[in-house]
Structure formats: C-alpha cells, structure tokens
Number of protein chains: 2
Amino acid sequence: MESDTKRVFAFGHDEHGNNVTEGSAAMKAVLGGKGANLAEMAKIGLPVPPGFTISCQTCMEYANAGNVWPKGALESIQEYRLDLERRMGKRIGDAKDPLLVSVRSGAPISMPGMMDTVLNLGLNDQSIKGLIEQTGNPRFAWDSYRRFIQMFSNVVMGLDGDLFEKALSKAREVKGVKTDAELEAEDLEALVSEFKQIFSQNVNTDKYQSVVQNGVAVFPQDPSVQLKFAIEAVFGSWNNPRAILYRQKNKIPEDLGTAVNVQSMVFGNKGNTSATGVAFTRNPANGAKEFYGDYLVNAQGEDVVAGIRNTSPISELKRVPGLEEAGKQLEEVFITLENHYRDMCDIEFTIEQGKLFMLQTRVGKRTAAAALRIAIEMEKEGLISKEEALLRVDPSQLDQLLHPQFDKNAEYDILARGLNASPGAAVGGVVFSAADAVAWKNAGKPCVLVRWETNPDDLAGMIAAEGILTSHGGKTSHAAVIARGMGAPCVCGVDALRIDAEKKEVVVLGSDVVLHEGDMISIDGTEGIVVLGAVDLAQPEITGDLETILTWADEVRKLGVRANADNPADAQLSREFGAEGIGLCRTEHMFLGDRKQIIQSFILHDDEKSRSEAVAKLLEAQTGDFYGMFKAMDNLPVIVRLLDPPLHEFLDNGRALEVEVTRMECTGAPEKDLAKKRSLMEKVDSFAEQNPMLGLRGCRLGIKYPILNEMQVRAIATAAARLKKEGLNPKPEIMIPLVSTVAELKKVRATAEDVIAQIEAEQSVTLEIPIGTMIELPRAAVTADEIATEADFFSFGTNDLTQTTFGFSRDDVEAEFVPLYLSEHILPYNPFATIDPGVAKLVKMGVELGHQGNAELQCGVCGEHGGDPDSIKTFNQIGLDYVSCSPYRVPIARLSAAQAALKA
Amino acid sequence: MESDTKRVFAFGHDEHGNNVTEGSAAMKAVLGGKGANLAEMAKIGLPVPPGFTISCQTCMEYANAGNVWPKGALESIQEYRLDLERRMGKRIGDAKDPLLVSVRSGAPISMPGMMDTVLNLGLNDQSIKGLIEQTGNPRFAWDSYRRFIQMFSNVVMGLDGDLFEKALSKAREVKGVKTDAELEAEDLEALVSEFKQIFSQNVNTDKYQSVVQNGVAVFPQDPSVQLKFAIEAVFGSWNNPRAILYRQKNKIPEDLGTAVNVQSMVFGNKGNTSATGVAFTRNPANGAKEFYGDYLVNAQGEDVVAGIRNTSPISELKRVPGLEEAGKQLEEVFITLENHYRDMCDIEFTIEQGKLFMLQTRVGKRTAAAALRIAIEMEKEGLISKEEALLRVDPSQLDQLLHPQFDKNAEYDILARGLNASPGAAVGGVVFSAADAVAWKNAGKPCVLVRWETNPDDLAGMIAAEGILTSHGGKTSHAAVIARGMGAPCVCGVDALRIDAEKKEVVVLGSDVVLHEGDMISIDGTEGIVVLGAVDLAQPEITGDLETILTWADEVRKLGVRANADNPADAQLSREFGAEGIGLCRTEHMFLGDRKQIIQSFILHDDEKSRSEAVAKLLEAQTGDFYGMFKAMDNLPVIVRLLDPPLHEFLDNGRALEVEVTRMECTGAPEKDLAKKRSLMEKVDSFAEQNPMLGLRGCRLGIKYPILNEMQVRAIATAAARLKKEGLNPKPEIMIPLVSTVAELKKVRATAEDVIAQIEAEQSVTLEIPIGTMIELPRAAVTADEIATEADFFSFGTNDLTQTTFGFSRDDVEAEFVPLYLSEHILPYNPFATIDPGVAKLVKMGVELGHQGNAELQCGVCGEHGGDPDSIKTFNQIGLDYVSCSPYRVPIARLSAAQAALKA
C-alpha cells in the first residue's frame, strides 16, 4: 500500500451538524463490519456518535511489518483525532469538558468477542475534573475512570485482570456491601489511586519503557499515548490465539485484518432519562415480525449483556417516562434499518439524557426456523425477491430442523468432548457391542453404542442404537460415514474415553466417572458433546417454511440432487426429502450379517463348486435387494455400484487368528483343530495387503473374479425385469468403481452388457441400463477423454480422489494429521469435508475431458462432498449435472445448489 | 479401407526380365518386413524369385470382420496369381511344368517363428508328375509332396503334427534306416499315400466341409483352394496365443497385422550345384567386419536351421566346385546390401543349380558388443553419421556389458523361473538370513540370499551375498529395487519356492529338489532363471567401444544424467559410469544396523531427554554420512532427501509382539517381563497404519517431528561446511519428500533455512544449498505453480506418483495384478517399469505449471523410470533437465537420452 493511501475515514456529523461520513456499508473490507455499518447509519441520517475508523489494511501492514506503523498512518490518525475534537467542540483529556472515546475492533467478517475494546479513553487526572464538572456526577466520573484504568491495563498493557478484581472485591468487603453499585464516589476515587498503584507495580516496563518517569511506572496520562497504545492493542488482538482459532473454525482468511473504530462516547448511565439496550428488528428465535430485545434504564451496554440487573422488553421502552420520544424514535429506526438493509438487523443503542444514539447495527444471526420464516415473509412483504430469500438461509443450519437436539432449556454438564461427526442428539444406556445393541433394541430399551471405532460388523448394532460414540476415528471414519448416511447422531474421536469392551467399562479421563453397561448417557452429534445422564431432547419440527424454501430452491438450481442409499428404507426417506434418484447404492453393505458367511465361503474356497454355490446364494439375495431398491425409487434412476471394498474386509483378522493359533499351541489343542485354524490363518493372510486402499478392490475385484460382477449384474437386470413385468418403471444404472484405465471399464462393461442381453432374452423384456464409472483415481481424471468413450456417466468419488490426490489415507490421517495441519496453517480446512482446490482441478479436468470423449456424458459426484454447501458451489461452477449425498443432507444440498446457481 | 484400395503388390521380374516390383523397404507397414525387403532387393536388381505380397491391412480387415474376406481381396489375389504364372511361364498345379510357391507371413515388426509358413504349395497328384518330369528327380519330388502334405495338414488344417512324424518314423523302422535321407523315392511315394489317408481320417470335417467329396475327406487337390486356405491360415496365425504373448512382451501393437508373401519356390536341394544358407554381412557376435554364416550343399533352408548336417562357413562357398560364380555373386550382394541398407544385414539365400536367389534380408540382430563395434566402424567407414551410430545401439542391451552373465557355452537345466528383477548372474551357496550371508561373506564363501521377500533389515546380508532370490514380490519389490541399486543380480517372485527359513529348507515345487543351506545354486537376474549347481560365469567386458559411444551420446543429449546412490561407494561408482551428480540420496538407508536402535529409541520415548539424546547420536552419524557422500561427489550436486518412510518401518512388528505376549501369558512368564513386552506392543501398535503408503511419512514426519528435519539439515550443512574448510567444493541440495501443498514445503523450507543460517554463523562459511521437493503426489503436480514458488527444484518421484495416480500399491499389486492386467490387455506394459501416459501427463503438467511459478526451476526425475529408455524418451519430450537412476543404469540413461534427443 502506498504512503498516500487513505487509511482513516470519518463518520457522523461535524460541528455544524453536516454529515461528513466518508464510508458506507459497501466498504466492509476496508472499514470492517462495525465501521462500515456505523458509516452507513450515519450516511442515512441515523443518530450515530461521531468518530473515525482506521482501515483493516493498516492493521495488516502493521502486523506484517512486525508491529511497525506504516509511514504516514500515525499522522493521519492524529489529523482525524483533531478533526473529531473540532467536530465535537471538545478535546480529549481536557480539564474542563473532556471528550471521551471508545476504541473498538471490527473485522470485515464478524468475530464476536474475539478481539479487544477499550472504553472511556481520554480520562486522566486532569480530565476527571472536567467530567465531574460537566456531569455534576462524581460517582459516575470516578467509576468511569476506574473502569478505564482497569480495562486499559488489562487489554492494552497486558496486566492480569484479577489484580483489579481483587482490589475491587476488597473495597466492597471493607465497605460491607455486596455490589459495585453500592460503592460511593469517594470509594471509587480511592480505588482509582489503588488501581494506578497496581499498574505501577505490575506493568512490564521492559516492554513499555515509555511509562517510566523518574524511575517509576506511571499510568499513561497523555491522551495521545493512550490512543496510540489502544489502537496498537486492537491491531494486535487480530493475532491473539483465540482469534486465530476462531478464524480457522469459521474458515475466515488470515489476511483480512481488523479495523479500529474511535468513537465519541455516549452514556446510558447518566440518570433515569438515560438507557441502553440491544435489539433485533424481528424475533431471531422464530422469525416473528416483532421488535425483539431488552433495555436497562440508567445503565451501560455491558450491564445488559452481563445480566446482573433484570432487563425489560424493548416494546415497553416507549412507555417509560422521559424515554417516550427516544423509544418512538427507536422503533422508527428499526423500520428504517430493515428497509435500508432489507434484512433483519441486530442493533445496539444508548439513550443519553433522552437522546437516542445508535452504536452498532448488523444483519442479525437467527435460528434456522427464523431464517426460513423471515426470508419467506420478507419476500411476501415485497422487501426482497425470491432469489434473495433463498440466499438468506444458511443451508448447513437446516440440519437443526432435521434431527432431535438437546432441549434449549436443559441444563447439563459436559462429560467429554469429541468430533461432531453426525448431527442430532440421542439418549440411551451404554452398550459395548453390536449384539448388545440389538438385544437392547429388541427389549425396547434405547441404547448408545460405545466402541473404540466401528467396523462393518457393527452395522446391525449401529442401526439398533439411538446413537454412536467412539473414542477413535475422524469425521470420515466408518462410524461417522455410516451414522451420517443413516441420520443417526454420532460423536467420534472422544480421546478421553478408555474403553474396555471385554470388561464392559469406560474410564472417562479428566473425570472420576467410570461408565458401565446400561449407564444412561446423552450425546449431541451436532456439537460433539457427551453428557452423563439423560438430557431432555427437542424433537425436530419440519415446518411448511422449509418446504416453501426448498420448492423455490428447486426452481432455480441447476444441479440435480440425488441420495446415497443402500436399502429401501433409506431410499424412501431420501425420496421424501426430495432426492431425484439414488446417486450411489453401495452393494458391499448388502454383504453383511448372514451373507458374510457366504462371501467368506466364496473367498476361502478355490474350487469351482463351492464358489458356484456361494454365488448362487448371493444372486438370490441380491436380486431381492435390488428389487426393493428399484421399487422404492420407481421412475427414478438408481446407480448401483458393483462390489468395491478389498475382499479381506469380509474375512477374519489374521493377527487375531495367529494369536488364537499360538494359544492353541500352548494349551495343547488337538492337532486337527490346530491344523484347521492354521490353514484358515494362512488363507486369510494370503489376502492381506500392505495398503488395501491401493490394492485388490474396486473393478479389480471383478476383473480377478468375473463371476462376482456377473452375479451382481444378473441380480440388477433380473430385479428390473421383474418390476417391469409388474408394470413399474425401474431405472437402474450400473457403476464400475476404481477405474484407472479405459481398458478396465471396457472389459467390465462388455461382461455386464452380455449378462443384460442374456436376461433380456430369458425374460423377454427390453432393459435400458446405462453403464458408467466412478472417477476416483487421478489417472481416471487425467485420461477421462479415453474413459468417457466407454461410459454413459461419470460419478466423481471425491473421498477416494482426495485420498489419492493428496496421498492421505483418511483412516490414518484424518483424525491425527488434519487437525495438526489445520493448527499449523498448512491446510485451510479439512479436504475430506470441503473439496480441495487441487482435487477440484482434477474433477474439472475429468468433466472437460470426459465431454470431449462423450458429448452426452452425465457427470455427478457421490463423495461426502456432495452434501457440503461450499463444495456444492464448486461443483456448480465446474458444471456437474448432479450431486449425491446422504438422505438427511438432501434438503441442504437442494438449497445449496440453488444458492450456488444464484451466486454463479 | 475402401474396396478399391490396393491390397496386393508384385515383386521381381516379368517374363521379359523387366522389373515389375511395386513396393519398397519404406512400405513395411503395408508389406511387412519380409515383403518390403523382398521388394527392395528386387528393386535394386538383386535376384529375388518373383512373387507378390498381400497387405497387412487386408489381414486386419479379415480378422476384424471375424475372418471374413474384405470385398475384392480374393479377386485381387487371383489376378496377381495369374500374373505370377504368366511372369514365370508356369502354372500352379500344372501336370507338365508346375509352379510351386511358398506362402509366408511377415509382420511390420519382426516376430521370428511366431506365425505360419507353408512351402511347396501347388503340389497335387497331377503336378507331382510334372515336377518329376522337370527335375528328373522322383525322390526330390515325392519328398517335396510328402513335406507339403505334412505342413499343410498341420499348419493350415490344424492336424496334430505327431501323426505324420509317427508314420515317418515307422517308415524308417520298416526300412531299417536311421534318417529320412535314406528313404528312397518309392518309400516317399508310399508315405504320400499314407499321409493323405491320415489327413482323411483326422481332418475336422465340421470346420472344413469343402474337403469332403462323396462322403470322404480328401486332401485338397485344387491349387486355388490350397492357396486360399494357406493365406487364411497365415492371417489367422497373427492371433495365435504365442504371437499375442510375443507382442505383449515386446510391446508390439495389436493392430498391425501380418502381410502374406506368395513367392515362387526355388530349390537348394537339386544336386551339388544347389545350396542354401543364412548369413550376416558382419559378425553379429563381436561386430568384426567379416562375412559370417553357414551354408549346405544340396539342401533346403530348414536343414540349415535344424542342424542335422554339419554346415560350412560362408567364406568357403566361393571355392566349392560349381558354386564359384554364385559364391562370388553372393559376396557382392553382401556389399551391395550393406551399402544400400547402411547397416549389418541378415540374409537367407538359395542357389538352384548354380543360380543365386535372395529369399530374405533384414537388418540383423547383434549382441551389445557387436552393436557398439559395428556402429563405430560404420561411422569411421563413412557409411553412417555419428547420430545414426548412436541410434544403432539398443540402450537396454548395454546391461549385458555391465554385469557377469551365464557363460554362453554353459549347459544347465532350469530349476525354476521368476522375474528378472536385477540383471547379472551369480553363483553361491544358499543362505536363509542376512546374518548367515554376512557370516559366509566373512568366511570367504560366496552365497545367494534366499528369502520370502526382503526388508530393510536384510540390507547387510544383501550386500554380503552374490545375489538375491525371493519367492515373493515384483520388479519393484524391496529386493528388486535395492538389488538394482547396488548392481546385484536378483531373481524375484519365484512362485515355485516354498521357503522355510527356520528349518533352512526350500522345497522347489514342480521338481523333487529340496535345497538346504550351503547347496550351490546359480541365478541369472537378466533372464529370471534359477539353476541347481554352479554355472560358469562370463565376466563383463567394458570395451573402449562403449566409452566411444557414450562420449558421442554426451555430445548430443539434452537431458542430464544423475544417479540414485545412498553411500560413498555407490556414489563413486556412479561417477565412474558418468553420472553428473546424485539425483537422489535416500537417507533412510542410513538408519539401519546399529542406528536402528537409536531411531527406535527416538520413536518409542515421548520424553524430551531421550529424544534429544537419540537425535544427538543420529546427528553425529549423519554428519559422517554426508561428509562421505559430498566428498565422493566433489564439485557435483548431491540431492539429499530428508527422511521419508513411515516411522513404524523402523519398529518391530506388532503382530509378532502380540504372538510373543500370548506365548508369555501361556507359559506364565514373570509379570514384569510381560508388562514390558505388552507396553512395547501397545506403543508399536500406536504407530500402525492401515495404509502406511498414504500415512505418516515424507514431509509429514518432519512436520510432526521438526527435530528430525533439523537434525538432518544440520548434518548436511555441517558436513558441507567441513569440506569447504578443507578446500573442497561440496554441492548439497535438500529435497523435501511427499509434498502435497505449498504450505508444507514453505514450513519445512523455513526450518531448513534457519538451520543453515545457524551453521553458516557458527562455522563462518557461506553455504549455497538449494531446497526443492519431490513431486510424487497428484496434488503436487496439479498445483505445481504454487509449489514452485517455494522450490528451487522439482524431482518427480514417478514410483509413488504412479502408485497414487493409478491407486496401485506396488507392494500389493505389482506381482499379483500387473501380470493379470498385461495378459488381459488392460495394460500395454508395466507402468512401474515404463512411464504410463496418464502419469506422464501429470509430470508434464507439473513441469509446465512449475515453470509458471518459478522460471528458474530445475526439473528432474528420480523414480525407477529414470533408467528406462522408453521413459527417458518421454522425459526428453516433456523437457526435464535430468534423469536420475541407479548407478548401473547410468550408461544406459546416457545413451537413451542421446537417442531421445536425436528422435525429438
């Protein structure tokens, strides 16, 4: 930035009452949210105490230079300070009629409470006199000075706040009173002296050498010094640890910086015609069109927030004697603001001796239900268009409406925290195995399944349980993915749990709690919380507003929305949520339970006969599976993925077998049993792989064992033929996973086409079954032009594509490494949750090359990213045809897709 | 192809002696190699028996249509047949003076012996009379007819050849003679009858219905039928299994097809003024400029090849009475051909009653030594340019010159076959452990290390052994990679070996051999062969010719050539082989032996003190390592890669520990020992990963444990500083592995730069140490523009890049899956040996984007592909700066790079 760049911007009126505001709401990137909105309010004539704003860019320059002021900046600030004094007709630090200012942070994106604020700046041993004289209220003046010293010492100079709190508490004790309000002027004056002494004794004089005078540290008296230090402190607070963490969590860029707002102070605590309050222009909890908020007479803003005194509802303000005018004016301001901002606003105001001042406004936060209602009602009022209404609802908030939650009024202590892996809350008795979960379910008792981590064997138990809790694994661990898929609450990776499943016992580190089977717990998968005992739950309310918004969304979105579902119940649910088809039906989930024995038999026997028998059994079962799926999704496409996981996932664990063999050897088990066990172990070991993710799986399975593909295709075609004969309209599609070269696809496709032709002939039906492939390996993306010649559709499997593109195994890396990488600023966000730009580049390449190879190619995405709003925006830009996600995310995807289309 | 396409091409003279040849050597793609060279010889006036060639394209059309003749093709052939009869003044099948023809295959790329040939076509019960009359030699005529029936029945009609051999053998028995030559005309006449009967009884009449006359199968008498069937058989032989396999092995495209050459027969067995022979224009074994070959008087070509009679050297031919003229003419032909083809030619000739006929020529195959000598001498003779000379040597052949081989004259039986994993041959006693190998070495006894597969623990033993033999693992298994790196012979993946290392015993399946420790075996890693007993070895000869060619290569190549080496001895060797630096020094190989304990201690102890102690020890050792490397490579760059492998590779195996724990539990071991072992197991397990290839490794290690990077960089900088003070010129470079985002590189680079600056200050030296990164993940390639802003150089790690791009773990996939994919035509070649086009696309993208980010960026490759000639061609096209390969492949890379530059 060049040295003649404008760094400081005035807002409010001058000494003649003329508006000299230099900024506007459009300048958030320069003035921050607070500064821009102050300017905007001033600009439209609302009563804003005059002040000026120092730009965010100045903050970043200051920080990047190692806390060194850019050339000319301090001079500009000084100039605007003098100007403000001229406008106000008062000088900061003046012994007769001092101007007090506040110094507040304000970043372009709201980071509430994360950065620093200094109030009452300008008070010193001289100006205190002027303040007493002007207000005729020594108590108010000394209290202001006391607060200023305390705040400045703590926030700006880094002293421990407790030092002052202790002195304050001692003063109350000495006086024999309970609250600060009971301290009188002389008590406060004495405290000011004591506070100054605390300052002198505790300030870091190495760092702040300038406060030392004649060998003694003195609380800064020069208002210019106070101001400079305060601004530097606010700048510095941009990089305090909690602010950094907040930005990481909320994906806020690191290079925005914060503005600093220097504003003349007004006081709501100057007697009974003064007041202060916060308010919303509508009800932020349910969206009702009513003024909503609280005020306190004769109080300062912090008193409202602190909740020490009982506040009154804002609607009563205009009936308070002496505040009638200001109260009425405030309601007019509400209407002005809503019409001006065309949204619900959140405001802070102060009434000083009957005169209203606006201290802040911004678009207000709201619940999902409120967001829906406000958007729809504002559209009806003609305030906003349908398109704007759609953009007013945060899609990820919708999750609140689709799952039970802890009741807002419930009180509870958090026992442990983990990852918020799947939203919703659940209450139940602790169980330690899938079998126990099923038993509890059958006995009509709700339970929460607690495991180190889950595996495919646990599926029945996961379905039976109200919720799932694991001590290991990340947001894409088995537990998390499956739980989200079926809409069950799940908290993962709770490090504090030491689970001993054999003993049926969990030690909770950091507490003295040991959980046993049946102990009642509650989990909140939206927040990642575990609570001991049963917390009251609030059931989800799906209001008509949601339906209205989603209908509007469907009108504008370009992306189709399908669901990932593996059974008819989920398929049905996704259809109710508005899915336009099944984008991914994972057949491996159909090989669990009894069928696991059959597939094991297939794998472990080399002879033709055993294999054929196994395949025949699987064929019958699978035909039933697909019949149910296609029936539930009648008239809508169902993409069935052929068997994908490494075969050894269906087998026992080789290590456990070797331990058993060793034990049998030691205990002298019969040689025959031992030999049998040993032979099983050897067979299982022969399927072991060092990196199963990159091994015998996906289409490689079907190329090695063509009979598996034939069986699955036969089941798909037979089920479709049966439904056709019943007069329905099944629309199956076959998806071949993990293709890296067109030759693989060509081969598997040819087999599938042969089988389909056979069924058509046998059953005398015509079947149209498109055949496509997952694009989930980088090679598939970069050679998509070749692959598309053999594919009717592509479905980007962005989970695996992220793994291979990054070389990250999510099983190993996500829980351990992604958090480290986030905290080290190496990753801006978890690439397994939101699509990474590098991976997106490969998706884009795949789509573009794919259309070169086949102009009719349909392209979708079926990874976890398909339900993530940020990723959906990227997919919309890339020009995919649809996204596919878990049933519970279908509404979110519909709205996200609409927003992406509107923003494009 | 349209129906008016020219399908048939004449060669040789017409009835007036005019040359009517329609093709040339340039038309190999149409006429095949044999046909094109026959045309070329005829064109330049050499005596070629007239004939015509049917195009390769006709073969492919016929095959692609499911063995149906393209329109007009048969008519064209008939026309050219009539033309040939006119030109020869004889008709095929004529009862007075029959024309006999040969029908031979000939593909664009030579596939010797893979496809079919029919000789003496045109003989039948009528024309036999004419042949007797014309030759006055009934024995010759009947023998020809006998041979024709046998060959036609077998090759064209698919009868079992043994049926005829048995009849022949019975005829000899009855007559009481030992050789066919002793059978007389009447015996052969009787055999013809018997052969016709064998035909009638055994021909597949379902397939060949046309041979049935009045219900009896009759040997085809119609020459048109004979000719059509023979041509179809040759076409069909393009797709016989052995031809397909040969094409796979030699990377010959499937869609070339074979031409068919129909040529008038000449006979070298018409008495003592007739002869036949094969020859080379120079010595193909050593390259000497001399006529080289063999002939037989009164014989047919197959007799020379069969080796039944003793042949005479070609130089004597011109001194044989009656053959003087033809002999002299032949020597003139040699000179003509060499001058015309400007290369050593391989020829077949026949002299029929004193008249020389040329039946075939082609550029001759030769040994590596011969290739070098011929290329250099022809350049000196002015026959070819230096550039052409360079292109005349097959780089992969050079391996022959750099390693010992089985002596050519040695006789041996192959005990088992495996993968030719690392070239060269070795002889030694079987040992089963690295420790035993070291013991044998120390005792002065040569040994071969036999393992299921090797791991880093075996390194000392691998160095001690003469060669390595494994039953498991592919060409990029640990054993193969390490063996190639150190130039040791290695045969991998020998399925037939059932190794019991505890018993020190190998059962060799498919034989009755059981090997025990000390049993002498020989392995040939160039061929992938295991032999029982000691085979004589021929030691490598590095002739001056190799040096000459490599010096010429260095003049034209654009790619630099570096070596992958991890110790001073290998570095020195690579320097002798002409490496211009070390492109990859893998530091993990330096953590073996005693140091493994130290790194284990680092990993297993969480406390600062133990870790610091371990790091201090490693620092001292590593400083010594790097000192040695940089000294050996003084003045040349040495790229040191920071620690790369998953940490748990340095730890004991968790499964083995659990088995031990189980055993200790059973046997009631003291609780203290048990607890210790259990705790070790838990610690080791905490490092276990499901997919270590995609886990905590590469730069992730150094980000998690920055102290490891600091230690390594400190060692590098300290070693360099020490050498500088000694007056040498060390040129270390630091390479950061497995980078997926620029932020990783930036972080590690910053740490490294800090450490280097510290050492510079401590040692008062200036160090210039470029810092770069491996590009071995797809994300790095697609975001190379960002990554290059923090990199001085890129080195493409194409091994890992191939793994992640394909989603192939080479540990799991290469031995099992790549062979299946090759046989199923899914992969054209092993992508771990020769760079795949999809992976190459990412390399290209990486180079292009990288230069956008940093115009000065140096780009190289250090995967296995760096030493592969085909890959080097690709890397040259992409515009890399250098390739880096194992020391023994440096000469190969130098020549390959030159050829790539010349072909560009």
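Reminder, nothing fancy here: chain letters follow the sequence lines and each chain counts from 1. Only heavy atoms go into these numbers, but all of them, side chains included; no hydrogens, no water, no symmetry mates. As the structure is a prediction and not an experimental result, all values here were calculated from the model.
When A:Ala743, A:Cys666, A:Gly807, A:Gly838 are compared by the number of non-hydrogen pairs under 4.5 Å with chain B, A:Gly807 comes out ahead. Note on A:Arg697, A:Lys704, A:Gln803: by heavy-atom pairs under 4.5 Å with chain B, the leading option is A:Lys704. Contact tally against chain A (heavy-atom pairs below 4.5 Å) for B:Glu776, B:His825, B:Lys747: the top residue is B:Lys747. Contact tally against chain A (heavy-atom pairs below 4.5 Å) for B:Ala688, B:Gly695, B:Gly654, B:Gly698: the top residue is B:Gly654. Of the listed residues A:Pro837, A:Ser740, A:Ser809, the one with more heavy-atom pairs under 4.5 angstrom with chain B than any other is A:Ser809.
Considering CG of B:Asn691 and CZ of A:Arg810, their distance stands at 11.0 Å, rounded to 0.5 Å. Here the CD1 atom belonging to A:Ile826 is positioned 3.5 Å from the CD1 atom belonging to B:Ile703, to the nearest 0.5 angstrom.
Listed in order of number, the residues of residues 678-687 of chain B that approach chain A to under 4.5 Å between heavy atoms are B:Met681, B:Asp685. Among the residues in residues 842-850 of chain B, those with a non-hydrogen atom closer than 4.5 angstrom to a non-hydrogen atom of chain A are B:Leu842, B:Met845, B:Leu849.
If you run side chain to side chain donor-acceptor pair (under 3.5 Å) between B:Arg779 and each of A:Asp836, A:Thr802, A:Thr805, only A:Asp836 comes through. For the side-chain contact (heavy atoms from CB on, under 4.5 Å) test with B:Val659, the passing option among A:Arg663, A:Glu665, A:Glu658 is A:Glu658; the others fail.
Applying the 6.0 Å contact sphere to NZ of B:Lys841 captures more than 12 heavy atoms from other residues, nucleotides or ligands.
There is no contact between B:Asp800 and chain A, counting heavy-atom distances below 4.5 Å.
Scanning all heavy atoms of the two residues, the minimum distance from B:Arg700 to A:Phe806 falls at NH2-O, 2.9 Å. The two residues A:Thr804 and B:Pro778 make their nearest non-hydrogen contact at O-CD, 3.4 Å.
Between A:Thr741 and B:Leu827, some side-chain heavy-atom pair lies under the 4.5 Å cut-off.
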